[in-house]
Amino acid sequence: MSKFTIPTVKFQEMVTKASKGASGNKLLPITGMMAIELKNNVLMLTTTDAANFLKVRADKIQGDDFYAVVPEEVFTKLISKLTSENVILTLKENSVEVKGDGVYNIPLPMDEDGPVKFPEYKFKKSGEPGVLSLGAVKAVLAVNKAAVAKTIDTPCLSGYYVDDIVITTNENVICFNELKLLDDQPTLISSDMMELLALNTQENIKYYRDGSNLLFETDDVIVFGPQHDGINMFPVQEVKGYLNEQFQSVCKLPKLLLQNVIDRLSLFIEPYDKNGAYFNFTKDGLKVTSKKSSSVEVISYQESQNFEPFICCVDIPLFKSQIDAIPGEVVELWYGHPAAIKIVSGKVTQVIALLEDENLGANNGTAE
């Protein structure tokens with residue numbers, strides 16, 4: 001019988017991290033499983049969402065060579081609840097015995113050939129690897145994630161377009177992040193893959209390309225998967241055009257004060273308001289008003305250039321999600337365009353579509 005011993009805390013960290021790669025799709029049983037393999041004292045835990053593979057690795061693990069595929073959810077929950085100093089895994093004929101605070105048997109999933117074997121991806125490494133910064137990955141997730149499409153109506157918009165800048169859009173907001181993530185080859189990274197990359201703990205992540213497939217690796221985490229579908233459908237030039245759109249006026253506002261005003265205003269938005277509220281750019285500051293005028297606050301400008309009076313209707317939850325995502329303490333707000341407002345903070349630019357409103361002129365800007 002093959003078995004190995006590992007410190008419980010270390011194993012808990014590995015199992016919890018590996019579980020992030022399992023999507024648990026009931027129609028695809030393998031997405032609810034975890035492979036456990038010890039070979040030459042290197043332990044590897046593998047999960048998949050059917051597109052991406054996540055491998056969590058640790059070396060210098062004492063024990064026999066070991067291979068088993070277990071149900072991911074129950075195994076993860078069990079390991080997370082152990083309090084013993086070490087955990088011992090023993091492979092039996094039809095189960096894995098877990099010995100910690102007590103002794104527990106996890107039945108092995110079976111198919112027509114016996115215990116399930118986890119599928120292995122094929123990838124050919126060639127050339128020198130590129131290097132991806134973990135800090136850049138986390139910065140992209142912090143800023144761009146709020147603008148990724150959550151539905152699959154336009155599948156390509158549910159990914160991150162990576163080139164000389166990182167672009168995400170859900171058609172109501174566009175986020176431009178001036179970060180160089182990969183090499184000069186335009187790449188569409190799926191939301192799931194980007195989240196998996198953030199599981200790394202080492203700053204420098206090596207990456208390789210094999211056709212449309214990508215492999216990212218550090219000493220303890222490997223992520224493999226294809227590029228997200230639809231890179232040729234991603235409207236790059238169309239959305240980049242908004243970087244050059246003319247917004248005639250700009251003001252600077254304290255980010256924290258703006259967030260607090262939006263939080264209070266949100267209490268007064270009624271269901272029939274369609275999430276909208278009025279932004280009225282006055283000479284004295286930005287006047288923020290709910291549609292029923294139940295909430296009215298004025299934020300003084302820190303700076304103002306080319307001021308022209310302007311009023312528009314803004315989707316407040318959408319606006320709040322973008323303000324919360326940007327870095328810095330000051331928000332640069334561009335206005336005067338009939339269809340959108342623009343937020344700039346450091347290397348981040350967000351363009352947010354305005355709401356049509358029957359109480360405003362046809363193109364916003366003036367009250368009827």
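The chain is numbered in sequence order, starting from 1. FYI, side chains are in, hydrogens and waters are out, and symmetry mates aren't considered; it's all heavy atoms of this structure.
Residue Thr8 holds its OG1 atom at 6.0 Å from CD of Gln12, rounded to the nearest 0.5 Å. In this structure, CE on Met44 lies 5.0 Å from CZ on Arg57, to the nearest 0.5 angstrom. Here Lys99 contributes atom NZ and Thr5 contributes atom OG1; the two are 9.5 Å apart, rounded to the nearest 0.5 Å. To the nearest 0.5 Å, atoms CG (Leu38) and NZ (Lys3) are separated by 13.5 Å. In this structure, OH on Tyr335 lies 5.0 Å from CZ on Phe307, to the nearest 0.5 angstrom.
Among residue pairs with one or both ends in residues 80-113, none qualify as ring-ring contact (aromatic ring centres under 6.0 Å, His included); sequence neighbours excluded. Sequence neighbours left out, not one pair with a member in residues 249-269 passes ring-ring contact (aromatic ring centres under 6.0 Å, His included). For residues 22-45, there are no ring-ring contact (aromatic ring centres under 6.0 Å, His included) pairs, not counting sequence neighbours. Identified under the ring-ring contact (aromatic ring centres under 6.0 Å, His included) test for residues 18-53, with sequence neighbours left out: Phe53-Tyr121.
A heavy-atom distance below 4.5 Å is not found between the side chains of Val140 and Ile189. At a threshold of 4.5 Å between non-hydrogen side-chain atoms, the residues Thr218 and Leu134 do not count as touching.
Panel note: side chain Lys150, backbone Val148; a donor-acceptor pair is recorded below 3.5 Å. Between the side chain of Ser290 and the backbone N or O of Ser295, at least one donor-acceptor pair lies under 3.5 Å. Ser133 places a side-chain N or O within 3.5 Å of a backbone atom of Ala136 that can act as its donor or acceptor partner. With Thr47 contributing its side chain and Ser19 its backbone, the two residues share no donor-acceptor pair below 3.5 Å. Thr154 contributes no side-chain N or O that, together with a main-chain N or O of Cys156, makes up a donor-acceptor pair within less than 3.5 Å. Checking side-chain atoms of Asn41 against main-chain N and O of Ile61 turns up a donor-acceptor pair under 3.5 Å. Under the 3.5 Å distance criterion, the side-chain polar atoms of Asn200 are left unmatched by any main-chain donor or acceptor of Gln202.
Linking ILVMFWY side-chain heavy atoms closer than 4.5 Å, directly or via other members, places Leu214 and Ile205 in a single hydrophobic cluster.
Side-chain contact check for Asn213 and Asp210: no donor-acceptor pair (N or O, by modelled atom type) lies under 3.5 Å.
Other residues, nucleotides and ligands place no more than 12 heavy atoms under 6.0 Å from the CD atom of Glu128. Residue Lys291 places its NZ atom among more than 12 non-hydrogen atoms of other residues, nucleotides or ligands, all under 6.0 Å distant. Remark: Lys287 NZ is loosely packed, at most 12 non-hydrogen atoms of other residues, nucleotides or ligands lying under 6.0 Å away.
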Could you tabulate the donor-acceptor pairs under 3.5 Å formed by side-chain atoms of residues 106-119, not counting sequence neighbours?
unit_1: Asp111; atom_1: OD1; unit_2: Asp113; atom_2: N; d: 2.9
unit_1: Asp111; atom_1: OD1; unit_2: Gly114; atom_2: N; d: 3.3

Check: residues 223-244 side-chain donor-acceptor pairs under 3.5 Å, at least two apart:
unit_1: Gln227; atom_1: OE1; unit_2: Leu188; atom_2: N; d: 3.0
unit_1: His228; atom_1: NE2; unit_2: Pro155; atom_2: O; d: 3.0
unit_1: His228; atom_1: NE2; unit_2: Ser158; atom_2: OG; d: 3.0

For residues 339-352, which side-chain N or O atoms pair as donor and acceptor with protein atoms under 3.5 Å away, sequence neighbours left out?
unit_1: Ser345; atom_1: OG; unit_2: Pro327; atom_2: O; d: 2.5
unit_1: Gln350; atom_1: NE2; unit_2: Gln322; atom_2: O; d: 3.1
unit_1: Gln350; atom_1: NE2; unit_2: Gln322; atom_2: OE1; d: 3.1

Please tabulate, for side-chain N and O atoms in residues 165-175, each donor-acceptor pair with protein atoms closer than 3.5 Å (sequence neighbours left out).
unit_1: Thr168; atom_1: OG1; unit_2: Asn144; atom_2: O; d: 3.0
unit_1: Thr168; atom_1: OG1; unit_2: Asn144; atom_2: ND2; d: 3.2
unit_1: Thr169; atom_1: OG1; unit_2: Glu171; atom_2: N; d: 3.1
unit_1: Thr169; atom_1: OG1; unit_2: Val173; atom_2: O; d: 2.9
unit_1: Asn170; atom_1: OD1; unit_2: Asn172; atom_2: N; d: 3.0
unit_1: Asn170; atom_1: OD1; unit_2: Val173; atom_2: N; d: 2.9

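Listed by chain and number, the residues in a salt bridge (Lys or Arg N to Asp or Glu O under 4.0 Å) with Glu245 amount to none (sequence neighbours excluded). Every residue meeting the salt bridge (Lys or Arg N to Asp or Glu O under 4.0 Å) condition with Glu297, not counting sequence neighbours, appears here in chain and number order: Arg264. Remark: Glu308 engages no residue in a salt bridge (Lys or Arg N to Asp or Glu O under 4.0 Å) (not counting sequence neighbours). Here Lys17 pairs with nothing under the salt bridge (Lys or Arg N to Asp or Glu O under 4.0 Å) rule; sequence neighbours left out.
Under the 6.0 Å cut-off for aromatic ring centres, Phe279 and Phe319 qualify, their centroids lying closer than that.
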Please assess Lys145 against Glu195 for the test salt bridge (Lys or Arg N to Asp or Glu O under 4.0 Å), listing each intermediate value before the final yes or no. CA-CA 10 Å; Lys145 184 176 179 177; Glu195 295 284 352; 2.8 Å; yes

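Under the side chain to side chain donor-acceptor pair (under 3.5 Å) test applied with Lys55, the options Thr46, Thr48, Asp220 reduce to a single match, Thr46.
Comment: Lys138 does not engage Glu203 in a salt bridge, judged by the lack of any side-chain N to carboxylate O separation of less than 4.0 angstrom.
Between Phe75 and Phe11, the angle of the ring planes goes over 60°, which puts this pair in the perpendicular group of the 30/60° scheme. Classified by interplanar angle (parallel below 30°, tilted 30° to 60°, perpendicular above 60°), the ring pair Phe310/Phe281 is tilted.
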